[in-house]
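We name chains A, B, ... by the order of the sequence lines, and we start the count at 1 in each one. Worth saying up front: this structure is predicted, and the values here are computed from it rather than measured.
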Amino acid sequence: MLQRSITDWFSAHARELPWRSPNRTPWGVLVSEIMLQQTPVVRVLPRWQEWLDRWPTPAALAAEPAGEAVRAWGRLGYPRRALRLHAAASKIVADYDGVVPGTVEELKSLPGIGDYTAAAVAAFAFGRKATVVDTNIRRVEARLFSGTALPAPSLSAAEMALAEAVLPEAVSDSVDWNAAVMELGALICTARSPQCQECPVRTECAWIAAGEPEPNYQPKGQPWAGTDRQLRGAVMAVLRAAEAPTPWEVFFRPAVQLDQAELSLPLKHLHALESEPSRLENILEGLLKDGLAERSEAGLALPR
DNA sequence: GAGACGTGGAG
DNA sequence: TCTCCAAGTCT
C-alpha cells in the first residue's frame with residue numbers, strides 16, 4: 001500500500017540528522033525546527049550543534065542576553081528567529097518550569113512557533129499524532145494526490161483537509177508518515193527537478209499519470225539587491241561582529257570605519273546608502289522596533 | 001491576507 | 001549572472 005511504500009523508503013533512505021538521533025531532546029528538536037524554517041539542512045547542522053553544546057536546555061539560553069542568541073545565530077538568516085527562540089526559552093522557564101511542553105496548543109503559544117512547528121515538535125519530539133504540513137509535504141501531496149506540479153503559494157483549507165485525511169490512524173504510523181513524506185519531498189519529490197525514477201510511489205502518482213503538467217502560476221520572485229532586507233542584513237552583520245556598541249558614524253559614513261575583511265561586503269552595501277540617510281534611518285528604526293538592536297549614547301548594539 | 005523578513009547554494 | 005527556493009511566522 002501507499003503508506004507502506006513511503007515509510008519503507010524512509011527506513012532505507014532517511015538522512016541521519018542529529019535532531020533525529022535516539023538521544024535527542026525535545027529542546028533539541030524545537031531548536032532544529034526553528035532553525036530549519038526557510039533554511040536548508042546543510043546550513044543548519046553546524047549551528048545547531050554549537051547551539052546545543054552551549055545551551056543544552058531552555059534555562060541555559062534564557063539565562064543569557066537575547067543578543068547572545070542573535071550573535072550565535074550567525075548567518076542563518078531571519079535573525080528575529082533567534083530573538084523569538086530566546087523568548088520561547090524564557091517562557092518555557094517561566095510558565096513550564098523549564099520543560100518544553102508537548103501539546104500543539106501549548107507549543108503554539110510560544111513565540112516563533114506557528115502551525116507547522118507546533119505540529120512538528122509534537123510529532124517528532126513527543127511522538128504525538130499531529131497533522132504536519134510543511135512545504136515538502138504540501139508538494140508531495142499536491143503531486144501524488146492532486147496531480148499538480150506545485151501547491152498554491154499559500155496553504156489552503158482544502159490542503160489541510162487532505163493532509164488530515166491521508167494521515168494514518170494509529171499514532172505511531174502517523175509520526176512515521178509525517179517524517180517520511182517530508183523526507184520524500186526533501187530528497188526525491190523536490191521542487192526543481194524531482195527524481196521520479198527513484199520514487200517509491202511513482203506508479204501511483206497523479207501528477208505523473210497526468211503527464212507531469214507544468215505549474216499553473218508564476219512563482220513570485222524575491223528581489224534582493226538594493227532592498228531594505230539586504231541592508232538590514234548588512235547592519236546586523238556589523239552588530240554581530242562588534243564587541244561594543246557601534247558608533248552611528250559607522251553606518252552613516254561607513255567608508256571611514258571598520259576595515260575587517262569580514263565586514264567589507266556589508267559595509268560596501270551601507271556605503272551605497274550615504275546618499276539616502278533617511279532610508280538608513282528607517283532601517284535602523286525597524287531594527288530597534290523589532291528588538292534586534294538597542295541604542296545608547298555610544299551607538300547601536302545587539303539587545304541585552 | 002498580502003507583504004516583510006536573511007542568506008547562500010544550485011541550475 | 002540571475003532566478004529560484006529552502007522543515008514559516010507574524011502583522
Side-chain angles (χ1 to χ4, degrees), chain A residues 14-15 17-20 28-48 70 73-85 87-88 107-125 130-141 149-157 159 163 178-187 189-195 215 217-240 265-266 269 282-283 285-287 289-293:
Chain A
R15 292 167 291 181
L17 301 171
W19 45 86
R20 286 177 178 165
V29 173
L30 195 167
V31 170
S32 79
E33 291 299 343
I34 302 284
M35 288 185 171
L36 286 163
Q37 292 169 2
Q38 304 284 285
T39 308
V41 167
V42 286
R43 291 201 3 244
V44 166
L45 281 168
R47 287 281 162 258
W48 183 87
V70 174
W73 199 253
R75 305 187 66 77
L76 274 184
Y78 293 142
R80 53 179 59 183
R81 290 183 295 168
L83 223 45
R84 290 176 180 152
L85 185 49
L107 287 162
K108 272 198 69 173
S109 77
L110 300 174
I113 298 191
D115 290 327
Y116 161 74
T117 304
V121 173
F124 304 141
T131 307
V132 179
V133 180
D134 77 323
T135 190
N136 290 305
I137 290 179
R138 292 185 65 209
R139 187 174 55 250
V140 170
E141 295 186 348
L150 295 172
S154 57
L155 178 61
S156 69
E159 277 180 275
N178 283 323
V181 176
M182 202 178 310
E183 190 79 338
L184 186 65
L187 299 183
C189 195
T190 56
R192 214 87 65 102
S193 40
Q195 307 297 301
Y217 71 95
Q218 294 283 327
K220 272 184 68 174
Q222 297 179 354
W224 175 247
T227 61
D228 283 4
R229 265 169 114 173
Q230 181 187 42
L231 295 163
R232 276 174 65 108
V235 173
M236 290 306 297
V238 172
L239 297 187
R240 280 196 307 267
L265 191 57
H269 292 139
N282 287 337
I283 286 163
E285 206 61 46
L287 290 174
K289 178 174 173 294
D290 290 343
L292 282 166

For [N] and [M], measure between their [atom1] atoms and round to the nearest Å.
{"N": "dT1(C)", "M": "dG8(B)", "atom1": "C1'", "result": "15 Å"}
{"N": "dA7(C)", "M": "dG11(B)", "atom1": "P", "result": "15 Å"}
{"N": "dG8(C)", "M": "dG1(B)", "atom1": "C1'", "result": "15 Å"}

* Can you find a donor-acceptor pair, distance only, under 3.5 Å between Ser154(A) side chain and dG1(B) base? -> no

* Assess whether one donor atom and one acceptor atom, taken from the side chain of Arg192(A) and the base of dC4(C), lie less than 3.5 Å apart. => yes

Quick one: is [X] getting a side-chain N or O under 4.0 Å of the [N] phosphate, OP1 or OP2?
{"X": "Thr117(A)", "N": "dT9(C)", "value": "yes"}
{"X": "Gln37(A)", "N": "dA7(C)", "value": "no"}
{"X": "Arg75(A)", "N": "dG8(B)", "value": "yes"}

Just checking [X]: base, sugar-phosphate only, or nothing, at a heavy-atom cut-off of under 4.0 Å?
{"X": "Arg138(A)", "value": "nothing"}
{"X": "Thr135(A)", "value": "sugar-phosphate"}
{"X": "Ala191(A)", "value": "sugar-phosphate"}
{"X": "Leu287(A)", "value": "nothing"}
{"X": "Arg80(A)", "value": "sugar-phosphate"}
{"X": "Arg15(A)", "value": "base"}
{"X": "Gly114(A)", "value": "sugar-phosphate"}
{"X": "Arg43(A)", "value": "base"}
{"X": "Trp19(A)", "value": "base"}
{"X": "Asp115(A)", "value": "sugar-phosphate"}

Checking [X] side chain against [Y] main chain: does a donor-acceptor pair fall under 3.5 Å?
{"X": "Arg240(A)", "Y": "Arg75(A)", "value": "no"}
{"X": "Arg43(A)", "Y": "Leu76(A)", "value": "yes"}
{"X": "Trp19(A)", "Y": "Ala125(A)", "value": "no"}
{"X": "Arg84(A)", "Y": "Ile113(A)", "value": "no"}
{"X": "Gln230(A)", "Y": "Gly226(A)", "value": "yes"}
{"X": "Arg81(A)", "Y": "Gln37(A)", "value": "yes"}
{"X": "Gln195(A)", "Y": "Ser193(A)", "value": "yes"}

To the nearest Å, give me how far apart [atom1] ([X]) and [atom2] ([N]) are.
{"X": "Asn136(A)", "N": "dC5(C)", "atom1": "CG", "atom2": "P", "answer": "13 Å"}
{"X": "Arg81(A)", "N": "dT11(C)", "atom1": "CZ", "atom2": "P", "answer": "16 Å"}
{"X": "Leu110(A)", "N": "dG8(C)", "atom1": "CG", "atom2": "P", "answer": "19 Å"}
{"X": "Tyr78(A)", "N": "dG3(B)", "atom1": "OH", "atom2": "C1'", "answer": "11 Å"}
{"X": "Leu45(A)", "N": "dA7(C)", "atom1": "CG", "atom2": "P", "answer": "13 Å"}
{"X": "Gln38(A)", "N": "dT9(C)", "atom1": "CD", "atom2": "C1'", "answer": "9 Å"}
{"X": "Gln230(A)", "N": "dG8(B)", "atom1": "CD", "atom2": "C1'", "answer": "13 Å"}
{"X": "Leu76(A)", "N": "dG9(B)", "atom1": "CG", "atom2": "C1'", "answer": "14 Å"}

* Structure fact -> Scanning both residues in full, the closest heavy-atom pair of Arg139(A) with Asn136(A) reads NH2-OD1, 2.8 Å

* What heavy-atom pair brings Leu30(A) and Val121(A) nearest, and what distance separates the two atoms? -> CA-CG2, 4.0 Å

* For Pro40(A) and for Ile113(A), locate the closest nucleotide of DNA chain C by heavy-atom distance; then report the residue assigned to the nucleotide nearer the 5' terminus. => Pro40(A)

* Quick one: the dot-bracket string of DNA chain B, using Watson-Crick and G-U wobble pairs with both distances under 3.5 Å, [ ] for crossing pairs and | for bases paired to another strand. => .||||.|||||

* Asked: In terms of the nearest nucleotide of DNA chain B, which residue is placed more toward the 5' end: Asp228(A) or Ser193(A)?
  -> Asp228(A)

